[in-house]
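Please read the structure below before turning to the comments.
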Amino acid sequence: MDSNLYIYNTLSRTKEKFEPLHPPLVGLYVCGPTVYSDVHLGNCRTFVMFDLIYRYLLHLGYKVRYVRNITDAGHLEGDMDEGDDKFAKKARLEQLEPMEIVQKYTLGFHDVMRLFNALPPGIEPTATGHIIEQIEMVKQILKNGYAYEVNGTVYFDVEKYCKEFNYTILTNRQLDDLLENTRELGGQNEKRGRLDFALWIKAKPEHIMQWPSPWGNGFPGWHIECSAMSSKYLGNSFDIHGGGMDLAATHHTNEIAQSQACNHVQPAKYWMHTNMLTVNGTRMSKSKGNGFLPHELFTGSHELLSRGYSPMSVRFFMLQAHYRSTLDFSNEALEASDKGFKRLINAYALLDKLNPSPKSNIDLKGLTERCYAAMNDDFNSPVLIAELFEAVHIINSVYDGKTEATATDIEALKKLMDDFVIGVLGLKEESNQSDDMGKLLDFIINLRSEAKVNKDYATSDKIRIGLNSIGIQLKDNKEGTTWNKI
RNA sequence: GGUCGGGUGGCCGAGUGGCUAGGCAGAGGUCUGCAAAACCUUUUACAGCGGUUCGAACCCGCUCCUGACCUCCA
């Protein structure tokens, strides 16, 4: 299959035409969360953006195998290649078992992703579920001569690797600079080179998260899980590997090295990196403590927010910026997105109420082509949204009787909005109204209409203002009265 | 210090060597019992200084400011 999709590849730092290794199959691997704490909004942005990418690939007709891991072991606290991992530390803090921590935050993560209307990945493997695969990979890397064992811990030999491969291929850094600027770190005395990183880590006896291995009891290093799981489910070479930009310099660099050292191939053809969400121009991160939790956002219980914003408004806010740009988070920006989203989704709801004309004076073909052109240009969702507002304008105009559209064009408009607003952008109407609520509102609107006919405006205003105060907005027009949630 | 990005109107954010981004906010109007919505019209831009060019916000140089990564983080 042929498409005109271009993807910015971090490896080449250019947009490249997307040509899957085995069309129509596409293998997509995205580094998922480390589930030792609540995901914050910055984490969510990455997963929402890859949801957009996943959805568009599906829309183009590719058969996508989407793998996103859950890191539930092996992620070390601080920069030491020894000691406790994050789960053990958090477990002590919360007085839980490490696996209780994992379960708690995995469930929380899934809840949030569901609220954001993100499609679940096809496979969501965990590090603890793939210890054997990771041990096998470490064994192979040792066998190939790119690792060494010291006292129960196995290190990757970066210096040896550098002689044959380009270690800094993703970030283009100079190796000498890296060596000069890497600090003296813990575990240094065991490591031969200061850039070497742990593939397998010896566990302290009291450490509950440990498994037997040829090198004694221990647990896997952080980077090996993604290499092991991506090759298990997608093969040694697959199409797209993604993650946040912050992972490129270390995690992804080491992933490439591990896969090359083990399988002698580049793991991914295209590397995609999403940019950071910022607050007042500074990156939102766990360690900085400036992270917004999704529920603070939805309820408005955060000092920087004047009110709560719905998950769909927040998703729309994220989609209005390109995935490779930083996006600055503020109450004002969110407020603007909230209104923009409602304008878009209200127009979508109007599609069923359009009256066809014998003639048409709109150009849907050009508009549709521009929508595809936007997405084909490295998933440019902000431009897509700008085009979709053109469709919003047409829909409103037809509804007002100021523009004419044939039944065929109305169908095409409906398909366009279904494809892109619902399918690709993954937005949906948030009204949680049941049929009962719809019927109830129809009844109330009828009562109000009767009052209006009788010029009993006191009653009709009372109804309108009362509904408004509980979040339901009435809109009077020639055809009658429509309503939507505020 | 090294690597790589940014600086666009009141806000958020696209884009580009010549043609309106878009949303929000502001102003005026139409419609309407009022309101809201919608529709029409409209005001604010491309950090600074040089250079290349018929033409630059877009290319080049310098300056200033700023961010990310280089250490756990999507």
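Labels below follow one simple rule: chain letters A, B, ... track the order of the sequence lines, proteins then strands, and each chain is numbered from 1. What you see is a predicted model, and the numbers here were worked out from it, not measured in a lab. Heavy-atom basis, side chains included; hydrogens, waters and symmetry copies ignored.
Side chains of A/Leu474 and A/Arg448 form a contact here, defined as non-hydrogen atoms less than 4.5 Å apart. The side-chain heavy atoms of A/Thr106 and A/Asp72, taken from C-beta on, include no pair separated by under 4.5 Å. By the 4.5 Å heavy-atom criterion applied to side chains, A/Met113 and A/Val39 are not counted as neighbours. Side chains of A/Leu304 and A/Phe292 form a contact here, defined as non-hydrogen atoms less than 4.5 Å apart.
Of the candidates B/rA14, B/rG22, B/rA35, the closest approach to any side-chain atom of A/Val383 belongs to B/rA14. For A/Thr250, counting side-chain heavy atoms from C-beta on, the closest listed nucleotide (B/rA21, B/rC70, B/rA37) is B/rC70. Listed nucleotides: B/rG22, B/rC34, B/rA14. Nearest to the side chain of A/His322: B/rA14. For A/Asn396, the listed nucleotide lying nearest its side chain is B/rC39; candidates were B/rG33, B/rC39, B/rA36. For A/Gln320, whose side chain is taken as the heavy atoms from C-beta onward, the closest listed nucleotide among B/rA14, B/rG23, B/rG33 is B/rG23. In this structure, of B/rA21, B/rA74, B/rC12, it is B/rA74 that holds the atom nearest to the side chain of A/Thr34. Between B/rG23, B/rA74, B/rA68, one nucleotide has an atom nearer to the side chain of A/Leu247 than all others, and that is B/rA74. Counting only heavy atoms from C-beta on, A/Arg464 has its side chain closest to B/rG33 among B/rA14, B/rG33, B/rA37.
For the OP1/OP2 pair of B/rA14 and a distance below 4.0 Å, the side-chain nitrogens and oxygens of A/Ser325 include at least one atom meeting the criterion. Between A/Asn380 and B/rG15 there is a side-chain N or O to OP1 or OP2 distance below 4.0 Å. For A/Lys339, a side-chain nitrogen or oxygen approaches OP1 or OP2 of B/rA25 to under 4.0 Å. Between A/Asn172 and B/rU3, a side-chain N or O to OP1/OP2 separation shorter than 4.0 Å is absent. Close to B/rG13, at under 4.0 Å from its OP1 or OP2, lies no side-chain N or O of A/Arg324. When the side-chain nitrogen and oxygen atoms of A/Arg370 are compared with OP1 and OP2 of B/rA21, none of them lie within a distance under 4.0 Å. Regarding contacts with the backbone of B/rA38, every side-chain N or O of A/His393 stays at 4.0 angstrom or more from both OP1 and OP2.
Across all strands, A/Ile465 comes closer than 4.0 Å to no nucleic acid atom at all (heavy-atom distances). Nucleic acid contact class of A/Thr171 (heavy atoms, under 4.0 Å, all strands): sugar-phosphate only. Among the atoms of the strands shown, none is found under 4.0 Å from any heavy atom of A/Gly291. Using a 4.0 Å heavy-atom distance criterion, A/Asp328 is classed as a sugar-phosphate-only contact. Here A/Thr168 lies out of heavy-atom contact (under 4.0 Å) with every strand. Note on A/Ala333: only backbone sugar-phosphate atoms sit closer than 4.0 angstrom, heavy atoms only; bases stay farther off. Note on A/Met245: nothing from the nucleic acid sits closer than 4.0 angstrom, heavy atoms only. A/Gly42 comes within 4.0 angstrom of a base, heavy atoms only. At the heavy-atom level, A/Met284 lies under 4.0 Å from base atoms of the strands shown. The residue A/Glu332 sits close only to the backbone: its heavy atoms come under 4.0 Å of sugar-phosphate atoms, none of a base. Counting any heavy atom pair closer than 4.0 Å across all strands shown, A/Leu277 reaches a base atom.
For the pair A/Leu474 and A/His251, both in contact range of RNA chain B, the more 5′-proximal nearest nucleotide belongs to A/Leu474. Toward the 5′ end of RNA chain B lies the nearest nucleotide of A/Phe329, the other residue of the pair A/Ser397 and A/Phe329 mapping further downstream.
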*Show your reasoning for whether ring pair (Phe, Tyr, Trp, His ring centres under 6.0 Å) applies to A/Tyr372 and A/Phe420.*
CA-CA 9 Å; A/Tyr372 279 102; A/Phe420 283 98; 5.0 Å; yes

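Atom C1' of B/rG1 sits at a distance of 29 Å from the matching atom of B/rG50, rounded to the whole Å. Comparing the same atom, C1', in B/rA35 and in B/rU30 gives a spacing of 16 Å after rounding to whole Å. Nucleotides B/rC12 and B/rC60 are separated by 26 Å at their P atoms, to the nearest Å. On the P atoms, B/rG48 is 31 Å away from B/rU41, given to the nearest whole Å. With C1' as the reference atom, B/rC24 and B/rA14 are 15 Å apart, rounded to whole Å. The separation of B/rA45 from B/rA37, taken at their P atoms, amounts to 27 Å, rounded to a whole angstrom. Taking atom C1' in both B/rU20 and B/rG15, the straight-line distance is 12 Å, to the nearest Å. Comparing the C1' positions of B/rC58 and B/rG51 gives an interatomic distance of 15 Å, to the nearest angstrom.
Residue A/Asp476 places a side-chain atom within donor-acceptor reach of the base of B/rC34, judged by atom type and a 3.5 Å distance cut-off alone. In this model, no side-chain donor or acceptor of A/Arg13 finds a partner on the base of B/rC4 within 3.5 Å.
Counting non-hydrogen atoms of other residues, nucleotides and ligands closer than 6.0 Å to CD1 of A/Ile208 gives a total of 12 or fewer. By the 6.0 Å contact criterion, CD on A/Glu404 is enclosed, its count of non-hydrogen atoms from other residues, nucleotides or ligands being greater than 12.
To the nearest angstrom, C1' of B/rA36 lies 15 Å from CD1 of A/Ile472. Regarding A/Ile70, its CD1 atom lies at a distance of 11 Å from the P atom of B/rA74, rounded to whole Å. Atom CG of A/Asn346 and atom C1' of B/rC39 are 16 Å apart (whole Å). To the nearest angstrom, P of B/rU16 lies 12 Å from CG of A/Asp378. For the pair A/Lys342 NZ and B/rG23 C1', the interatomic distance rounds to 14 Å; values are reported in whole Å. When the P atom of B/rA38 is taken as reference, atom CG of A/Asp400 falls 10 Å away, rounded to whole Å. Taking atom CD1 of A/Ile385 as the reference point, atom P of B/rG22 lies 14 Å away to the nearest angstrom.
In this pair, A/Tyr457 lays its aromatic ring flat on the base of B/rG33, centres within 5.5 Å and planes under 30 degrees apart.
Stem analysis of RNA chain B (Watson-Crick or G-U pairs, both distances under 3.5 Å, runs of at least three) returns B:1-7 with B:64-70, B:10-12 with B:22-24, B:26-30 with B:38-42, B:47-51 with B:59-63.
Legend: residues meeting side chain to side chain contact (heavy atoms under 4.5 Å, CB included) with A/Leu351, ordered by chain and number and at least two apart, are A/Tyr348, A/Leu354, A/Ile395, A/Leu413, A/Lys414, A/Met417.
In the model, A/Tyr8 has no side-chain atom that pairs as donor or acceptor with a side-chain atom of A/His322 under 3.5 Å. Counting only N and O atoms by type, the side chains of A/Ser12 and A/Asn9 include no donor and acceptor under 3.5 Å apart. A/Asn69 and A/Thr71 are linked by a side-chain donor-acceptor pair at a separation below 3.5 angstrom, with hydrogens and angles left out of the test.
Under 4.0 Å is where a charged nitrogen must lie from a carboxylate oxygen, and between A/Arg464 and A/Asp476 no such pair does.
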